[in-house]
Amino acid sequence: MKDYVSEQLLQLIEELKNQEVLPADLTPRFTVERTKDKSHGDFATNLALTLAKPAKANPRQIAEKIVALLPQDGAIERVEIAGPGFINFFLDESWLARQVSAALADPQLGVPITKRPKTVVIDYSSPNLAKEMHVGHLRSTIIGDAVARTLEFLGHKVIRQNHVGDWGTQFGMLLALMEQLRQTGREISMELADLENFYRQAKQQFDDSPDFATRSRQLVVELQSGDKHCLALWQEFLNISLSHCQKIYDRLGVGLTPEAIYGESAYNADLPLVVSDLEKTGLLTEDQGAKCVFLDEFKGQDDTPLPMIVQKKDGGYLYSTTDLAALRYRQNQLKADRILYFVDVRQSHHFRHLFAVARKAEFLAATTEVEHMGFGTVMGDDGKPFKTRSGSVAKLADLVDEAEKRARLLVAEKNPDMAASELDEIGRIVGIASIKYADLGKNRSSDYLFSFDNMISFEGDTGPYMLYAYTRVASIFRKAEIDEKNLSGDIILGEEIERELANRQIQFAEILNRVAERGTPHLLCGYLYELASTFSSFYKNCPVLSAETEESRNSRLQLCLLTARILKQGLALLGIGTLERM
RNA sequence: GCGCCAGUAGCUCAGUUGGAUAGAGCAUGUGACUUCUAAUCACAGGGCCGAGGGUUCGAAUCCUUCCUGGCGCGCCA
């Protein structure tokens, strides 16, 4: 609708140019926005205000000219000029009602499939397989997942890439410990059940025992040269670690599968080629024995050029090299039109550098968009990165356990007679929803404070509130005992709150497009919360099943149905499941 | 030292890229359950948008100088 109004205004500007009210070379910047205040209509534009200066006229006079030129339109009931020269648009009620009917008839709920589908590669989650997944992986995993789902819903082809850390020197000490345990006849898979502890043991031995450290380094070299024994140990380790990750993904309802795994080691063979190709394009410089790329835009202290080192003086490669290889693979093999990285915002400098080098080296097509979708740190009550009470990094699995436990407790409090199995199920869904909603609801790029108390408080803007809102709609249909497929009749927007609800409902598409464009699921959370809260208010004020007339009852049932569908779909795009009762 | 990000109600956070009277939730206070789930709803109080200066019809938003906090900055990832 916003786009539609903008379109008309653009035509109108041309008309004004023909009339020589405006200079011909002018391309005005203006906005069409939803209003905050109902008295300002449903939409408003500042066009007349921005035109005042170039037209050398009073903004209100220009506004009048604009209004006079606006075509008669079924969607707009009336137009008003207000304040210093804003033009306010009031939506036609029957038009709004028809939009609701159309959305109900549409499996996409009124959200158009994109006319220009893109292949979008999304790099997210990407844990280090040497350790267990911890709280630091939460945001990348669930924000990336939500954006992936949203892009798919809009009709794009999404390729998920889980760029796991499965290579590097730390694997030497892990393999050394595996080897040692095997010699003493211990069952390795058992020992690896607690990855975190395994890593700690290996690290400790590495620090304490020179023999162990030597063996570790030796194993790294053997692994890199493709030694069979080493590769087998390494593969065994990876399998176990990956299955830990998959377990977390499944619990969290994250749409990552083994198919998405394409780790650092996948690029090993490519690394020398990256370096030689950089050399061919003349970008490579040797500096103090290391192979570097220097770009003029990247300066360090005292204006000294800042290199991107792609090969160390000992011949080893670095993460920059791997990232370049990955970027090229995504461009050439995966045919990406757009590449998104959901990685800690602290790496933003690295990514700027990486993208610039990749462009210069033509590893990326000029038309390919690449964006670092950085996210902030999860903080504890003390304002420092979130840790457990004992001061160690919080394992994701423990976090999920805790959330489920707390959620179950509160659900049990509300439903003293509920069967244990149902409590488990509901507690699980509510717990996960709480964690995910609390995280996804915050602006991606800033740090946020993690608090179980806030997110499982069950009051206000929380995951549980969203699920509760959904169950209330669901219960209406249970009670009514009607098949939603048989609902028909016109939508009647008699009450102000009904109008408001309809207005929200038809906004879904606009929100999803913005989420997809900016990689910001918190906009969807905010929208769904407003929808749920508008619905709660409607639910209070407008009896549905006992509505005064049959027409009103039918209309309200349809408003309920669309609310339910948008809530369910919207939450699904966030990776949050719904419940029919709770 | 250089660079990036942040500073909005007691707390946690929004603020549609410069728009109309800066908004939510929690917490506090008041009212509403014989009526579709009160995990709810309605209402109230609460603000020098870190500070100063500038740009203009109009600034939380843009520019500038400071203050405070966080994070980066050549062979880790």
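A note on names: the letters A, B, ... follow the listed sequences, proteins ahead of strands, and every chain is numbered from 1. Not measured: the values here are computed from a predicted model. Just so it is clear, the values below take in all heavy atoms, side chains as well, and ignore hydrogens, waters and symmetry mates.
With centres under 5.5 Å and a plane angle under 30° as the test, the ring of A:His349 is not stacked against the base of B:rG72. Where stacking is scored as ring centres under 5.5 Å apart with planes under 30°, A:Tyr319 does not register as stacked on the base of B:rA77. Between the side-chain ring of A:Tyr529 and the base of B:rA24, no stacking contact exists by the 5.5 Å and 30° definition.
The CG-C1' distance, from A:Leu449 to B:rG69, rounds to 14 Å in whole Å. We find that CD1 of A:Ile476 is positioned 13 Å from C1' of B:rU40, with the value rounded to whole Å. Counting to the nearest Å, the P atom of B:rA20 and the CD1 atom of A:Ile87 are 16 Å from each other. The interatomic distance linking A:His522 (NE2) with B:rG25 (P) rounds to 17 Å, in whole Å. Here the C1' atom of nucleotide B:rC4 and the CZ atom of A:Arg352 are 7 Å apart, to the nearest Å. Atom NE2 in A:His40 sits roughly 12 Å away from atom P in B:rA22 (whole-Å rounding). Between the OH atom of A:Tyr470 and the P atom of B:rC36 there is a distance of 20 Å, rounded to whole Å. In this structure, CG of A:Asp382 is placed 12 Å from P of B:rU12, rounded to the nearest angstrom.
When Watson-Crick and G-U wobble pairs are counted only if both distances are under 3.5 Å, B:rC4 pairs with B:rG70. Base pairing analysis places B:rG53 opposite B:rC63; the two distances defining the Watson-Crick or G-U wobble pair are each below 3.5 Å. With a 3.5 Å ceiling on both atom-pair distances, B:rA14 lacks any Watson-Crick or G-U wobble partner. The partner of B:rG46, taking Watson-Crick or G-U wobble pairs whose two distances both stay under 3.5 Å, does not exist in any strand shown. Base-pair partner of B:rC41: B:rG31 (Watson-Crick or G-U wobble, both distances under 3.5 Å).
Checked against B:rC36, B:rG19, B:rU16, the side chain of A:Leu545 finds its nearest nucleotide in B:rC36. Considering only the side chain of A:Tyr539, B:rA38 comes nearest among B:rA38, B:rG19, B:rU21. Picking from B:rU37, B:rG25, B:rG19 the nucleotide with the shortest atom distance to the side chain of A:Pro84 gives B:rG19. Here B:rU56 is the nucleotide among B:rU56, B:rG19, B:rC71 with the atom lying nearest to any side-chain atom of A:Lys53. Taking only side-chain atoms of A:Lys313, from C-beta outward, the nucleotide of B:rC36, B:rC4, B:rC75 with the closest atom is B:rC75. Comparing B:rC41, B:rC76, B:rU17 against the side chain of A:Leu318 picks out B:rC76 as the nearest.
A sub-4.0 Å separation between OP1 or OP2 of B:rC75 and a side-chain N or O of A:Lys291 is absent. At B:rU40, none of the side-chain N or O atoms of A:Ser533 fall inside 4.0 Å of OP1 or OP2 (strictly under the cut-off). Dashed line: the shortest gap from a side-chain N or O of A:Ser537 to OP1 or OP2 of B:rA42 is under 4.0 Å. Regarding contacts with the backbone of B:rC76, a side-chain N or O of A:Lys312 is found under 4.0 angstrom from either OP1 or OP2. Close to B:rA77, at under 4.0 Å from its OP1 or OP2, lies no side-chain N or O of A:His163. Side-chain N/O atoms of A:Asn443 include one lying less than 4.0 angstrom from OP1 or OP2 on B:rG15. For A:Arg553, no side-chain nitrogen or oxygen approaches OP1 or OP2 of B:rC36 to under 4.0 Å.
A donor-acceptor pair under 3.5 Å links the side-chain atoms of A:Thr35 to the main chain of A:Gly41, judged by distance alone. No donor-acceptor pair closer than 3.5 Å links the side chain of A:Ser555 to the backbone N or O of A:Ile491.
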Side-chain donor-acceptor pairs under 3.5 Å in residues 535-548 of chain A, sequence neighbours left out?
unit_1	atom_1	unit_2	atom_2	d
A:Ser536	OG	A:Tyr465	OH	3.2
A:Ser536	OG	A:Ala532	O	3.2
A:Asn541	ND2	A:Ser537	O	2.9

- Task: Show your working on side-chain contact (heavy atoms from CB on, under 4.5 Å) between A:Val275 and A:Leu271 and close with a plain yes or no.
- Result: CA-CA 7 Å; A:Val275 174; A:Leu271 301 180; 5.9 Å; no
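When heavy atoms are screened at a 4.0 angstrom cut-off, A:Gln288 is found touching base atoms of the nucleic acid.
Atoms CG and CE, from A:Leu219 and A:Met173 in turn, are 12.5 Å apart once rounded to the nearest 0.5 Å.
Aromatic ring centres of A:Tyr319 and A:Tyr317 lie farther apart than the 6.0 Å criterion allows.
Glycosidic conformation, B:rC49: anti, with the torsion outside 90° of 0. Applying the 90° cutoff around 0 to the glycosidic angle, B:rU55 is assigned anti.
The base of B:rA20 sits within donor-acceptor range of the side chain of A:Asn88, with an N or O pair under 3.5 Å.
Taking the six-membered ring where the residue is Trp, A:His353 and A:Phe298 present parallel rings, their angle staying beneath 30° rather than reaching 60°.
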